[in-house]
Chemist: 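Submitted below is the structure of interest, expressed as structure tokens.
Since the structure is predicted, the reported quantities are computational estimates derived from the model, not experimental observations.
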Amino acid sequence: MEKINPNSPSYWDEVYKKEKGTGKRRIDTERFERVVDLLTDYNNITYPNQRTLLDVGCGNGEMLRLIHAIFPEWKLYGIDITPETISWAKGVDSFDYRVMGAEDITFSAEFFDCIFCGETLEHLENPETVIYQMKKVLKPEGFLICSVPFQDKNKSKEHLREYTIEDCLQLTSGRLVDINVVKGLSIIWTVKK
């Protein structure tokens, strides 16, 4: 069996190129609704200014477009390692998209109110580095929302690993605010900086 490099920009550009125009969705309704619930809670408990949100591993920008429909006043950013896919996303909407790896986030420190990282950490060799990078650019009162595949339920040849609740606790040094298993497939967890 051929070894897949899940961190390869060319691999993910090919994946998204095949999906372009097919109407395929990568975000299931239940997981999206849970993320919206968390963002709504966050929006209600913090100061009433325009929010900034970063989607780490944004792919074609699908999640950002869904979030924009609910929070149109938020300033939305997306990063991904796939140049062609980022170019495609830029042609669909006007969010701030950048080709950037999750392990090398170059935004200013404490820039974002909220960071979403959905179904991305399982593809990366150093998820601890990514968590550190995301927390670095998160405001002191900000929230990090992550979604990862639940161990033994979501096997994929693209995943370097799946996660248990204990793994999520370890990644965040036990500082979880909220954790849920959605449809038995994904763990969605929230960390306050």
Chemist: Mind checking the CG-CG spacing from Leu64 to Asp55? Nearest 0.5 Å is all I need.
Modeler: 4.5 Å
Chemist: Can you tell if the side chain of Met63 reaches within under 4.5 Å of the side chain of Cys58, non-hydrogen atoms only?
Modeler: no
Chemist: Do Asp93 and His68 come close enough that some side-chain heavy atom pair is under 4.5 Å?
Modeler: no
Chemist: Given 3.5 Å as the limit, does a donor-acceptor pair link the side chain of Thr40 with the main chain of Val36, or not?
Modeler: yes
Chemist: Which heavy atom of Glu110 sits nearest a heavy atom of Lys139, and at what distance?
Modeler: O-CG, 3.2 Å
Chemist: Going by heavy atoms in the side chains, are Leu39 and Leu53 under 4.5 Å from each other?
Modeler: yes
Chemist: Do the side-chain N and O atoms of Thr85 and Asn60 include a donor-acceptor pair separated by under 3.5 angstrom?
Modeler: no
Chemist: Quick one: does any side-chain atom of Thr120 pair with a main-chain N or O of Gly118 as donor and acceptor, under 3.5 Å?
Modeler: yes
Chemist: When rounded to the nearest 0.5 angstrom, what distance separates CD1 in Ile86 from CZ in Arg98?
Modeler: 11.0 Å
Chemist: Examine Leu54 and Tyr132 and state if one hydrophobic cluster contains both, with Ile, Leu, Val, Met, Phe, Trp and Tyr joined whenever side-chain heavy atoms are less than 4.5 Å apart.
Modeler: no
Chemist: Given Val137, which of Val56, Thr52, Ile115 fulfils the side chain to side chain contact (heavy atoms under 4.5 Å, CB included) condition?
Modeler: Ile115
Chemist: Are the side chains of Cys117 and Val148 in contact, using a 4.5 Å heavy-atom criterion?
Modeler: no
Chemist: Could you tell me which non-hydrogen atom of Gly61 sits nearest to which non-hydrogen atom of Ala89, and how far apart they are?
Modeler: N-CB, 4.4 Å
Chemist: Rounded to the nearest 0.5 Å, what's the gap from CG on Leu138 to CZ on Phe111? Could you check?
Modeler: 12.0 Å
Chemist: Kindly indicate whether the side chain of Thr106, heavy atoms from C-beta on, has any atom under 4.5 Å from the side chain of Met100.
Modeler: yes
Chemist: I need the Phe112 CZ to Phe107 CZ distance, nearest 0.5 Å.
Modeler: 4.0 Å
Chemist: What's the spacing between Cys114 SG and Glu141 CD if we round to 0.5 Å?
Modeler: 11.5 Å
Chemist: Taking the side chain as every heavy atom from C-beta outward, state whether Phe71 and Glu73 have any atom pair closer than 4.5 Å.
Modeler: yes
Chemist: Which residue in the set Lys75, Arg65, Lys90 passes side chain to side chain contact (heavy atoms under 4.5 Å, CB included) when paired with Phe95?
Modeler: Arg65
Chemist: Is there a donor-acceptor pair under 3.5 Å between the side chain of Asp96 and the backbone N or O of Tyr77?
Modeler: no
Chemist: Check Glu103 against Glu125 and note the closest heavy-atom contact, atom names and distance.
Modeler: OE2-N, 4.3 Å
Chemist: How long is the straight-line distance from CD1 of Ile81 back to CG of Asp104, given to the nearest 0.5 Å?
Modeler: 11.0 Å
Chemist: Are any of the side-chain heavy atoms of Ile131 and Met134 separated by less than 4.5 Å?
Modeler: yes
